[in-house]
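Okay, structure first, notes after.
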Amino acid sequence: MSFPLLTATAVLPALGAVATAAVPAARRTAAKWLALIVSLATLALAVTVLVRFDPGGSRYQLTESHAWIKDFGVRYELGVDGIAVALIALTAVLMPFIILAGWHDADPLETGSRRWRPTQGFFALILAVEAMVIISFEATDVFLFYIFFEAMLIPMYFLIGGFGDRAHAHGEETAATQRSYAAVKFLLYNLVGGLIMLAAVIGLYVVAGNFSLQEIAQARASGSLHMATSTERWLFLGFFFAFAVKAPLWPLHTWLPNAMQESTAPVAVLITAVVDKVGTFAMLRFCLQLFPEASKWATPVILVLALISIVYGALLAVGQRDIKRLVAYASISHFGFIVMGIFAMTSQGQSGATLYMVNHGISTAALMLVAGFLISRRGSRLIADYGGVQKVAPVLAGTFLIGGLATLSLPGLAPFVSEFLVLVGTFARYPAIGVIATFGIVLAALYTLVLYQRTMTGPVKPEVSAMPDLRARELVVVAPLIVLLIFLGVYPKPVTDIVNPAVKQTMSDVHKKDPKPEVEAAK
């Protein structure tokens with residue numbers, strides 16, 4: 001039997017989470033180093049998956065399949081296509097930076113009125129989320145995917161509710177109340193979506209007789225499995241609703257600003273750069289592959305919802321006074337672009353959407369982590385409390401600017417390529433949607449540049465006059481992310497070569513071809 005590489009990639013961080021949680025309370029630093037080493041080892045396994053994956057080979061590779069719950073046809077089935085490989089690599093790359101950025105976020109609070117913060121638990125929960133996200137990208141059994149799709153809510157709930165941001169202007173008691181509210185809202189929204197999906201999963205089993213994604217898709221393609229139109233549409237809606245909550249797509253997005261505002265910066269990155277990608281990934285893997293006709297039936301409505309997310313998220317970002325809420329609403333706008341690219345049903349749109357997932361993860365991590373370093377120095381999330389930072393901390397301001405420019409998709413930085421592909425792919429089939437979506441780019445420039453102007457330029461406020469610049473640990477976190485943004489902005493081919501074959505398969509699943517350009521014949 002060959003080495004179960006995919007299982008190892010998911011199990012290693014899970015075992016690391018258990019080991020980190022078991023470190024004695026007095027050995028906080030040892031727990032941090034253990035979590036960091038485990039995340040680096042997981043990155044090494046993810047790189048091995050990337051190297052062994054053949055873009056020109058079969059659709060699902062490195063597969064594993066074992067009987068699990070025989071009476072219900074549930075199997076432990078894993079396999080990766082190009083889209084999954086890219087997102088596993090993104091997750092594994094970001095985790096060491098998340099851990100380093102949160103190095104002191106769960107240290108004990110010295111003030112007598114505040115509680116002890118269990119450092120080991122913080123890092124163990126982060127590793128647990130990594131394990132569940134990775135196996136969600138790998139699972140090709142629908143029931144197996146559902147289990148981990150829901151299970152990741154548990155560690156995320158405790159990360160949001162138990163380890164909130166210390167920069168709160170209204171005292172610890174109010175902060176704890178708001179953290180609890182944000183955590184419960186996150187959990188309830190996603191649980192409701194998950195319960196609806198569970199009903200759809202059961203319905204799929206009743207129709208298909210098993211949970212194997214590959215077997216069901218092959219049976220549908222060959223015609224041996226017929227699904228009534230109404231049944232397919234209801235099942236599609238059950239799956240899509242859960243994924244739209246996770247994504248998050250308007251109007252199911254309202255949990256995200258609260259969760260990101262009350263979380264530490266590394267946990268906010270974990271939410272929007274890692275966990276939320278499971279939702280958009282699952283739209284490609286499950287919605288389009290299992291329910292192709294229903295996906296085409298729902299496309300007009302989904303594109304309108306995506307368009308609203310783009311414009312609405314950007315408009316609300318412009319008016320925010322809280323740095324983290326601004327990034328949260330910007331992410332809602334970006335997820336609108338991703339969903340729009342997926343359901344544009346063109347190869348450019350879906351390639352751009354997949355590339356957007358990767359690039360958004362890197363750019364949001366860069367911006368949010370630098371924002372976290374800024375907030376930890378000043379002790380405030382409010383934009384109005386800053387001014388003139390670039391004069392006292394130029395490296396911090398410079399990295400903040402690059403992260404912001406990536407967020408507005410400046411040419412030469414990674415998100416530009418993906419956003420351009422999404423717009424081109426959408427315009428080819430839905431010109432009106434593509435034109436209106438471009439307003440999101442204009443608004444992105446507005447909220448990003450206004451944020452930089454208000455926090456980094458102008459007179460130096462007394463409260464920031466002694467602000468230190470980025471330290472060595474913080475530079476180790478930020479510098480590689482900036483390098484990745486520039487590299488993928490100039491040369492995105494390594495990612496597109498991996499994802500494009502999987503995108504072609506998805507286009508084949510929904511029986512769609514790219515529209516031919518209308519070129520007026522030369523006279």
Side-chain angles (χ1 to χ4, degrees), residues 12-13 16 20 28-47 50 88-107 119-120 122-127 129-130 159 163 165-167 263-274 323-324 327 358-378 389-390 392-407 413-414 456 467-489:
L12 179 59
T20 302
R28 295 191 308 276
T29 302
K32 297 175 185 179
W33 280 106
L34 177 59
L36 179 60
I37 291 169
V38 169
S39 70
L40 291 172
T42 305
L43 174 58
L45 288 176
V47 170
L50 185 63
I88 289 170
L90 170 70
T91 302
V93 165
L94 290 181
M95 281 300 165
F97 302 126
I98 288 172
I99 289 171
L100 274 174
W103 202 252
H104 298 297
D105 285 356
D107 285 349
T119 307
Q120 288 84 338
F122 179 75
F123 292 99
L125 290 169
I126 289 176
L127 290 176
V129 172
E130 179 181 20
L159 282 170
F163 299 92
D165 193 353
R166 298 177 181 182
S263 300
T264 63
V267 173
V269 171
L270 191 61
I271 295 169
T272 190
V274 177
I323 296 174
K324 288 186 176 180
V327 178
V358 175
N359 293 338
H360 173 263
I362 300 169
S363 62
T364 299
L367 180 61
M368 179 57 83
L369 292 179
V370 177
F373 299 148
L374 178 71
I375 292 167
S376 67
R377 285 158 165 74
R378 174 67 177 83
V389 173
Q390 67 180 13
V392 296
V395 178
L396 188 155
T399 53
F400 189 81
L401 177 62
I402 295 173
L405 293 176
T407 298
L413 296 175
M456 301 296 166
M467 180 177 289
D469 214 332
L470 291 182
R471 303 179 178 91
R473 172 180 60 86
E474 296 165 337
L475 282 171
V476 170
V477 171
V478 177
L481 297 174
I482 299 299
V483 170
L484 280 173
L485 286 174
I486 296 172
F487 175 76
L488 292 177

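Owing to the predicted nature of the structure, the values given are computational and were not obtained by experimental measurement. All values below come from the heavy atoms of this structure, side chains included, with hydrogens, waters and symmetry mates left out.
Not counting sequence neighbours, Phe373 has no partner by the ring-ring contact (aromatic ring centres under 6.0 Å, His included) test. Applying the salt bridge (Lys or Arg N to Asp or Glu O under 4.0 Å) rule to Arg378 yields no partners; only residues at least two apart in sequence or on another chain are considered. Partners of Leu45 under the side chain to side chain contact (heavy atoms under 4.5 Å, CB included) rule, at least two apart in sequence or in another chain, are Leu5, Ala8, Thr9, Leu12. Residues passing the side chain to side chain contact (heavy atoms under 4.5 Å, CB included) test with Val392, sequence neighbours excluded: Val460, Met467.
The two atoms that bring Leu90 and Ala273 nearest to each other are CD2-O, 3.8 Å, heavy atoms only. Nearest heavy-atom pair, Pro96 versus Val93, reported as atom, atom and distance to 0.1 Å: CD-O, 3.3 Å. Listed here is the closest heavy atom pair of Ala414 and Leu488: CB-CB, 3.7 Å. Across all their heavy atoms, Thr20 and Ala124 have their closest contact at CG2-N, 3.9 Å. Residues Gly102 and Phe123 approach most closely at O-CZ, 3.3 Å, considering heavy atoms. Considering every non-hydrogen atom in both Ala101 and Leu369, the closest pair reads CB-CD2, 3.6 Å.
The CD1 atom of Ile88 lies 10.5 Å from the CD atom of Glu130; values are rounded to the nearest 0.5 Å. Remark: Ile99 CD1 to Leu40 CG distance equals 8.0 Å, nearest 0.5 Å. Between atom CD1 of residue Ile362 and atom CZ of residue Phe487 there is a gap of 10.5 Å, rounded to the nearest 0.5 Å. Atoms CG and OG, on Leu413 and Ser363 in that order, are 9.0 Å from each other to the nearest 0.5 Å. If you take CE on Met368 and CG on Leu270, they are separated by 12.0 Å, rounding to the nearest 0.5 Å. The structure places CZ of Phe97 at 5.0 Å from CG of Leu481, a figure rounded to the nearest 0.5 Å.
With a 4.5 Å cut-off on side-chain heavy atoms, Val327 and Lys324 do not count as touching.
Of the possible donor and acceptor atoms, one in the side chain of Thr399 sits under 3.5 Å from a partner among the backbone N and O of Leu396.
Applying the salt bridge (charged side-chain N to carboxylate O under 4.0 Å, His left out) test to residues at least two apart or on different chains, the pairs with a partner in residues 473-488 are Arg377-Glu474, Arg471-Glu474.
No option in Ile126, Val267, Leu125, Thr119 other than Leu125 meets the side chain to side chain contact (heavy atoms under 4.5 Å, CB included) test with Phe163.
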Under 3.5 Å, which donor-acceptor pairs link side chains of residues 29-38 to any protein atom two or more places apart or in another chain?
{"residue": "Lys32", "atom": "NZ", "partner": "Trp103", "partner atom": "O", "Å": "2.7"}
{"residue": "Lys32", "atom": "NZ", "partner": "Asp107", "partner atom": "OD1", "Å": "2.9"}

Item to check | Derivation and outcome, side chain to side chain contact (heavy atoms under 4.5 Å, CB included), residues Val395 and Val478 | outcome: CA-CA 10 Å; Val395 178; Val478 177; over 6 Å; no
